[in-house]
Q: 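Structure below; questions to follow.
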Amino acid sequence: MVEKHVVFITPFEEERTLHIYLPDDYQTSGRRYPVMYMYDGHNLFYDEDATYGVSWGLKDYFERHQSEIIVVGIECNHESNYRLWEFSPYDFSDPHWGEIKGLGKALMEWVVTQLKPMIDDAYPTLPDRAHTAIGGSSMGGLMAIYSVIAHNDVFSKAACLSPFFTHIMKELRKELKRTLDAKTRIYLSCGSNEFSHKRALARGLHHIHEIANYASAQGCCVYTNLIIDGVHSEQDWRKETKIWYPFLFHDPQ
């Protein structure tokens with residue numbers, strides 16, 4: 001089942017909708033569940049909620065595979081280009097979008113210090129690091145990799161699909177000095193057709209491998225995935241669930 005709840009994001013002084021997937025029997029099973037926090041929550045479960053009419057189809061996937069997990073999807077700000085502001089930890093300038101004020105650090109701190117305790121109080125979660133994950137695509141993928149690095153004490157797993165590294169890689173490299181727990185699993189992917197030319201593809205792959213090498217050098221388990229003919233869309237990202245979900249939650253630690 002999927003529940004929707006409105007919450008108040010204190011650093012932004014705004015209300016936002018949470019899209020929360022729960023096993024149908026979570027109230028009677030007597031079990032506790034791992035939790036995955038995900039950005040762009042409106043794109044995760046139902047096509048009618050998704051920005052471009054196609055969702056990741058996570059509800060259908062989890063029900064089909066009887067997955068025992070809670071997913072907390074955080075809806076983005078749909079006004080103007082504020083999604084870019086909230087899903088970037090860093091300021092940057094873009095020829096199309098203009099000046100972006102990075103508010104992602106404040107959002108991540110809210111997730112860790114306010115949202116997670118709220119979810120742990122309301123639902124039968126497994127609140128420890130080993131059972132807490134983060135995920136997203138595009139700008140949400142950037143937030144996922146940033147979150148698992150900056151708050152590796154909270155998140156042990158991250159699904160980072162088509163992460164946005166344009167303009168911010170110099171700043172992100174500063175985070176790569178942090179120490180990661182070796183019991184960390186990171187999925188990094190991109191599509192070969194997401195880029196405008198071969199040089200851009202090579203640069204994008206270099207950024208992904210740079211992060212993968214950083215994490216692997218500390219003993220983390222990293223899965224990098226180049227999706228041949230993959231494009232930057234929910235329609236393609238939904239095909240990756242069968243890869244990143246078992247890797248993060250079912251492969252031997």
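The residues of the chain are indexed from 1 along the displayed sequence. We use all heavy atoms of the structure for the numbers below, so side chains are in, but hydrogens, waters and symmetry mates are not.
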Q: Ignoring hydrogens and angles, tell me if any N or O in the side chain of H197 forms a donor-acceptor pair with the backbone of A200 under 3.5 Å.
A: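 At least one qualifying donor-acceptor pair exists.
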Q: I'd like to know whether CD of Q235 has more than 12 heavy-atom contacts from other residues, nucleotides or ligands below 6.0 angstrom.
A: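 No, because the 6.0 Å sphere around CD of Q235 holds 12 heavy atoms or fewer from other groups.
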Q: Checking side-chain polar atoms at under 3.5 Å, does S55 have a donor or acceptor matched by the opposite partner on N43?
A: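 Side-chain D/A pair, S55 to N43: absent.
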Q: What closest approach, in Å, do I186 and A215 show between heavy atoms, and which atom pair accounts for it?
A: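 Distance-wise, the nearest heavy atoms are CD1-CB, 4.0 Å.
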Q: Heavy atoms only: give me the nearest L248-A158 pair and the separation to one decimal.
A: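 That would be CD2-O, 3.7 Å.
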Q: Main chain of P124, side chain of R32: is a donor-acceptor contact present, judged purely on distance under 3.5 Å?
A: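 Not a single qualifying donor-acceptor pair exists.
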Q: Hey, does the side chain of S67 reach the backbone of I69 with a donor-acceptor pair shorter than 3.5 angstrom?
A: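 Side chain of S67 to backbone of I69, a donor-acceptor pair under 3.5 Å: no, none is there.
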Q: Given the rule in the salt bridge (charged side-chain N to carboxylate O under 4.0 Å, His left out) test, do R238 and E234 qualify, once you have shown the distances and angles that lead to the verdict?
A: CA-CA 6 Å; R238 73 186 298 169; E234 281 75 20; over 6 Å; no
Q: To the nearest 0.5 Å, tell me how far L188 CG sits from N225 CG.
A: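 Answer rounded to 0.5 Å: 10.0 Å.
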Q: If I take atom CD1 from residue I9 and atom CG from residue L103, how far apart are they, to the nearest 0.5 angstrom?
A: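 Here the interatomic distance stands at 11.0 Å.
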Q: Flag yes if more than 12 heavy atoms outside Q66 fall under 6.0 Å of its CD atom; otherwise flag no.
A: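 No, because the 6.0 Å sphere around CD of Q66 holds 12 heavy atoms or fewer from other groups.
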Q: With no hydrogens and no angle check, is any side-chain donor or acceptor of S88 less than 3.5 Å from a backbone partner on Y90?
A: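 It does hold such a pair.
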Q: Hey, would you say the F62 and Y21 ring centroids sit under 6.0 Å apart?
A: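 Yes; Y21 has its ring centre under 6.0 Å from that of F62.
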Q: Roughly how far, to the nearest 0.5 Å, is CD1 of I134 from CE of M143?
A: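 Reported to 0.5 Å precision, the distance equals 7.5 Å.
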Q: In this structure, would M36 and L18 fall into the same cluster of hydrophobic residues linked by side-chain contacts under 4.5 Å?
A: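 As far as the 4.5 Å side-chain criterion goes, L18 and M36 are not connected within one cluster.
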Q: Is it the case that the side chain of H209 and the backbone of L205 share a donor-acceptor pair, with hydrogens and angles ignored and the cut-off at 3.5 Å?
A: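 Confirmed, H209 side chain pairs with L205 backbone.
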Q: Testing E86, E79, E75 for salt bridge (charged side-chain N to carboxylate O under 4.0 Å, His left out) with R16, which one passes?
A: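 Filter result, single survivor: E86.
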Q: Does atom CZ of R199 have more than 12 heavy-atom neighbours from other groups under 6.0 Å away?
A: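 Incorrect, the count does not exceed 12.
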Q: Sub-3.5 Å donor-acceptor pair from the side chain of Y214 to the main-chain atoms of R178, do we have one?
A: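 Pair found, side chain donor or acceptor close to backbone of R178.
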Q: First locate atom CZ of R31, then atom CG of D25, and finally report the distance between them rounded to the nearest 0.5 Å.
A: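 So the gap between those two atoms works out to 5.0 Å.
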Q: Taking all heavy atoms of C76 and all of R83, pick out the closest pair and write down the distance.
A: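 So the minimum-distance heavy-atom pair works out to SG-CD, 3.7 Å.
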Q: For a quick check under 3.5 Å, do R129 and T184 share a side-chain donor-acceptor pair by atom type?
A: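 Judged by distance alone, the side chains do pair up.
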Q: With the 4.5 Å side-chain cut-off for hydrophobic clustering, are Y61 and Y26 part of the same group?
A: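 They do not share one cluster, since no chain of ILVMFWY contacts under 4.5 Å joins Y61 to Y26.
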Q: Heavy atoms only: give me the nearest V6-T17 pair and the separation to one decimal.
A: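 Heavy-atom minimum between the residues: CG2-OG1, 4.2 Å.
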Q: What are the two closest heavy atoms between H131 and S156, and how far apart are they?
A: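 Closest approach of H131 to S156, heavy atoms only: N-OG, 4.3 Å.
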Q: Could you check whether E109 pairs with K105 (Lys NZ or Arg NE/NH1/NH2 to Asp/Glu carboxylate O, under 4.0 Å)?
A: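 No, no charged N to carboxylate O under 4.0 Å.
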Q: Any chance you could measure M1, atom CE, to E3, atom CD, to the nearest 0.5 Å?
A: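 So the CE of M1 and the CD of E3 are separated by 6.5 Å.
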Q: Kindly confirm or rule out a cation-pi arrangement of K157 over F249, judged by NZ or CZ under 6.0 Å from the six-membered ring centre and within 45° of its axis?
A: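 Geometry flag: set, cation within 6.0 Å and 45°.
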Q: Looking only at atom types and distance, does a side-chain atom of N81 sit under 3.5 Å from a main-chain N or O of L84, one as donor and one as acceptor?
A: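 Absent.
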Q: May I ask you to check whether Y245 and Y187 place their ring centres under 6.0 Å from each other?
A: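 That pair fails the under 6.0 Å test.
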Q: Show your working on ring-ring contact (aromatic ring centres under 6.0 Å, His included) between H78 and H42 and close with a plain yes or no.
A: CA-CA 11 Å; H78 297 283; H42 53 290; 4.6 Å; yes
Q: Can E171 and Y146 be counted as having a side-chain donor-acceptor contact under 3.5 angstrom?
A: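 No, no side-chain donor-acceptor pair sits under 3.5 Å.
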Q: In terms of the angle between their ring planes, are W85 and Y82 parallel, tilted or perpendicular, with boundaries placed at 30° and 60°?
A: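 The arrangement is perpendicular - the two ring planes meet at more than 60°.
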Q: Taking all heavy atoms of S192 and all of L226, pick out the closest pair and write down the distance.
A: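 The pair with the smallest heavy-atom distance is N-CD1, 3.8 Å.
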Q: Under a 3.5 Å distance rule, please check whether N152 uses its side chain to pair with a backbone N or O of D181 as donor and acceptor.
A: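 Checked: pair present.
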Q: I want to check a possible cation-pi pair here: R185 against Y223, using under 6.0 Å from ring centre and within 45° of the ring axis as the test.
A: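 Judged by the rule, R185 and Y223 form no cation-pi pair.
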Q: Within the structure provided, determine whether V7 and E14 are in side-chain contact (heavy-atom separation under 4.5 Å).
A: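 No. Closest side-chain heavy atoms not under 4.5 Å.
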Q: Tell me whether the count of non-hydrogen atoms from other residues, nucleotides or ligands lying under 6.0 Å of OH in Y123 goes above 12.
A: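 Correct, the count exceeds 12.
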Q: Using the ring-ring contact (aromatic ring centres under 6.0 Å, His included) criterion, which residues pair with H232? Sequence neighbours excluded.
A: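 W237.
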Q: Using 30° and 60° as the class boundaries, would you call the ring planes of Y39 and F87 parallel, tilted or perpendicular?
A: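 If you compare the ring of Y39 with that of F87, the planes turn out perpendicular.
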Q: Between atom CG of L161 and atom CE of M38, what is the distance when rounded to the nearest 0.5 Å?
A: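 It comes to 7.5 Å.
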